[in-house]
Q: 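Got a structure here, written out as structure tokens. Questions coming.
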Amino acid sequence: MAGQEDPVQREIHQDWANREYIEVTTSSIKKIADFLNSFDMSCRSRLATLNEKLTALERRIEYIEARVTKGETLT
Amino acid sequence: MPLVKRCIEPRHLCRGAVPDGVTSELECVTNSTLAAIIKQLGSLSRYAEDIFGDLFNEANSFYMRMNSLQERVDLLAVKVTQLDSTVEEVSLQDINMRKAFKSSTIQDQQVVSRTSVPNPVVEMYHRGDKPPPLNILSPYRDDKKDALKFYTDPSYFFMLWREKMLQATEDKRKEKKRQKEQQKQVEDPGREVKKVRKARNRRQEWNMMAYDKEFRPDTRLTPSPYHGMSSEGSLSPDNRSMASDMGDHSYPASPNHPSQPTSAPHPIDGAPHLTQAPQTQSLDRGGYPRANPPSGAAAAVRQIASLGRTQPPHPPPAQSEGGALNGPRQQSVKDYRAHGGQPSTIPEYFIPPAPPPPPPIIPSAQTAFDSTSSSSPLPPPSLPPPSLPPGAVAIMSRSYSPSPPPPAPPAHYVPSPSHAPPAAPPPPPPGLPPSHILSPAHAIGGSQGEAPPTRKGQMPMIPISDARSDLLAAIRRGIQLRKVQEQREQEAKREPVGNDVATILSRRIAVEYSESESDSGGEDNGEWSD
């Protein structure tokens, strides 16, 4: 019995070890995936705020340019 | 349920079947699981690269915008330091005259469209089944539409909305026009007088056309060369004898000149008129074919009679004959000559039946004279768009023209007169329109293939009678031309619209605003007028 258990037990132990290793690996893969998603979302939100600020700046500069330049008259 | 944008591919790690003949199954499973993990890492890295790529592109665009902004700020800074309040002109007039500042409002369009789909979604889309390849059938369609569009059309709703919007804008424009016209009518009652005058002119035209060509008192014969040709070439000895029997010289001249809108009293030449009179008389003997021409001639005669009553006794017989013909068509011969009716009565009942007769006449005339009626390639451009009665006259005249010489000759000198009109004095134009009327009418009605040979064969034949068919043909072509022009206008209107939701909506709103402004302006105008 002990002789039979050893190789089987060893195999099972080995299998459990492998499975734990695989589990760690897959969980880290999931963490990477989560990180990528959250990074993507946060990056997009920051870029969107940047875009709004840029647009506001562009409009202000347009207005200032119109004020400063000697504009063309209607006639 | 949210759509999974990026799916890491080997979803289940250890569900693959264990191959047969393997002793250590656990290790086998472990190894396959590890292999799947590696595949998962591969897809993960692909998606990560995709994510970072999108973010990088967006950040890059912001970087470019930021750079341009920076340059503008630098320029502004330099400019501001150069400003000098003492030099700057400030006049009250300039303040108002300067162009108002308008910031550029760029509307984001097509935000969620096929082009802005992220890559992973595009890949997922392509993994799906494609629609059946119905597009291979599209070259066999008659209406040149995309065959696949009948199965699945992604742009269907947008096109529907666009058509609806364009239709709405056009309806509003038409309403505006109607309102403006109503306002104008209310404000200017004097304009109605003009319309009345035009109606009278038409009656006069119809009167002139009621006469047969021989009997018209108008003098359109003399100046036009084609006239001389028609009158002399078409004559036969019998006709000439008949012409001599006619007696009055001036009288037969008029009918040969079709209705002239601006007919003025012209000097009537005896010879040409005489030649034309017998021509019509010979036609009268034709019977049915003759029926149509006399009615047409009667109309012309009427017009001429009303315009220039140089020979009252002679015009009345022709006019009355023409008037009688308006009702029963085929009584022609006897009624045409025996009647001594009054020209005044003729226009009254000539005008109403005029519109219905032309359409029925056209097929009958066509069937009777398809060989003779040739397609004249020249629609008279100088011819003003004639009303229906002249067209009716043209039809009727056209029906009798083939019985004598076919209209081949008219086709030939239709070209020459068409060039002549701009340079010709007023008398020729009245003579020319008849030729134009006849040849185009023949062209439209008859088979074009047979026309050229018949035309050439009968060159010296009756050109005068073709004038009415020319007029009819011109009318038809005018209608056809208008349709084409309308189609082109519609297409042209649609072209500049573009496929932008923003432009379409802005046009509609602009139309609505202008309408509301015009309404309010109209009301104000009404108040002011009081």
Side-chain angles (χ1 to χ4, degrees), chain A residues 6-75, chain B residues 5-6 8 13-14 24-27 29-31 33-34 36-38 40-41 43-45 47-52 54-59 61-66 68-73 75-80 82-83 88-89 93-106:
Chain A
D6 257 352
V8 175
Q9 255 188 1
R10 259 180 260 138
E11 258 189 53
I12 293 173
H13 279 309
Q14 189 62 44
D15 183 56
W16 277 112
N18 293 343
R19 282 179 188 266
E20 187 189 354
Y21 174 70
I22 286 168
E23 184 62 33
V24 166
T25 318
T26 47
S27 63
S28 38
I29 288 178
K30 286 172 191 168
K31 282 184 192 167
I32 293 174
D34 282 341
F35 164 75
L36 279 175
N37 283 335
S38 61
F39 178 77
D40 187 27
M41 287 300 118
S42 74
C43 242
R44 286 190 193 270
S45 73
R46 286 170 200 266
L47 284 172
T49 14
L50 245 190
N51 190 19
E52 283 179 18
K53 290 184 181 176
L54 264 179
T55 328
L57 263 183
E58 278 170 352
R59 291 179 63 171
R60 285 165 68 180
I61 285 186
E62 222 176 300
Y63 171 71
I64 293 174
E65 281 173 350
R67 274 296 290 265
V68 168
T69 58
K70 312 237 167 165
E72 60 254 14
T73 56
L74 281 173
T75 51
Chain B
K5 198 169 168 186
R6 295 175 181 97
I8 293 180
L13 288 172
C14 7
S24 57
E25 293 173 351
L26 291 171
E27 280 189 11
V29 166
T30 309
N31 290 338
T33 309
L34 286 169
I37 284 174
I38 292 172
Q40 279 189 346
L41 280 171
S43 68
L44 182 68
S45 68
Y47 288 139
E49 191 261 341
D50 186 36
I51 288 171
F52 287 125
D54 285 344
L55 292 173
F56 171 77
N57 288 337
E58 232 180 299
S61 70
F62 293 158
Y63 167 74
M64 304 301 288
R65 279 167 69 182
M66 202 84 77
S68 66
L69 266 182
Q70 177 67 47
E71 290 172 3
R72 283 163 78 177
V73 165
L75 283 171
L76 270 179
V78 168
K79 216 168 187 185
V80 162
Q82 289 174 353
L83 273 182
E88 192 174 345
E89 35 151 303
Q93 294 166 1
D94 275 355
I95 288 173
N96 287 334
M97 293 302 281
R98 288 233 175 136
K99 191 174 168 187
F101 170 70
K102 208 172 179 186
S103 66
S104 58
T105 53
I106 301 169

Q: Looking at A:Arg60, A:Arg59, A:Arg67, which one forms a side-chain contact (heavy atoms from CB on, under 4.5 Å) with A:Tyr63?
A: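 Option passing the side-chain contact (heavy atoms from CB on, under 4.5 Å) with A:Tyr63: A:Arg67.
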Q: Count the heavy-atom pairs under 4.5 Å between each of A:Arg44, A:Glu11, A:Arg46 and chain B, then report the option with the highest count.
A: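 Answer, by heavy-atom pair count under 4.5 Å with chain B: A:Arg44.
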Q: If only side-chain N and O atoms count, and only distance matters, is there a donor-acceptor pair under 3.5 Å linking B:Arg65 with A:Asn51?
A: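 Yes, a side-chain donor-acceptor pair sits under 3.5 Å.
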Q: Which one, A:Ile29, A:Leu54, A:Asn37, A:Leu36, leads in non-hydrogen pairs under 4.5 Å with chain B?
A: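 Highest number of heavy-atom pairs under 4.5 Å: A:Leu54.
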Q: Nearest 0.5 angstrom please: B:Asp54 CG to A:Leu47 CG, how far?
A: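 Spacing of CG (B:Asp54) from CG (A:Leu47) equals 11.0 Å.
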Q: Is B:Leu76 in contact with chain A via its backbone, its side chain, both, or neither, using a 4.5 Å heavy-atom distance?
A: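 Side chain only.
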Q: In terms of heavy-atom proximity below 4.5 Å to chain A, should B:Leu75 be classed as side chain, backbone, both, or neither?
A: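 Nothing of B:Leu75, per the 4.5 Å heavy-atom cut-off to chain A.
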Q: Check whether the side chains of B:Glu27 and B:Asn31 place a donor and an acceptor atom closer than 3.5 Å, and report yes or no.
A: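 The criterion, which ignores hydrogens and geometry beyond distance, is not satisfied for B:Asn31 and B:Glu27.
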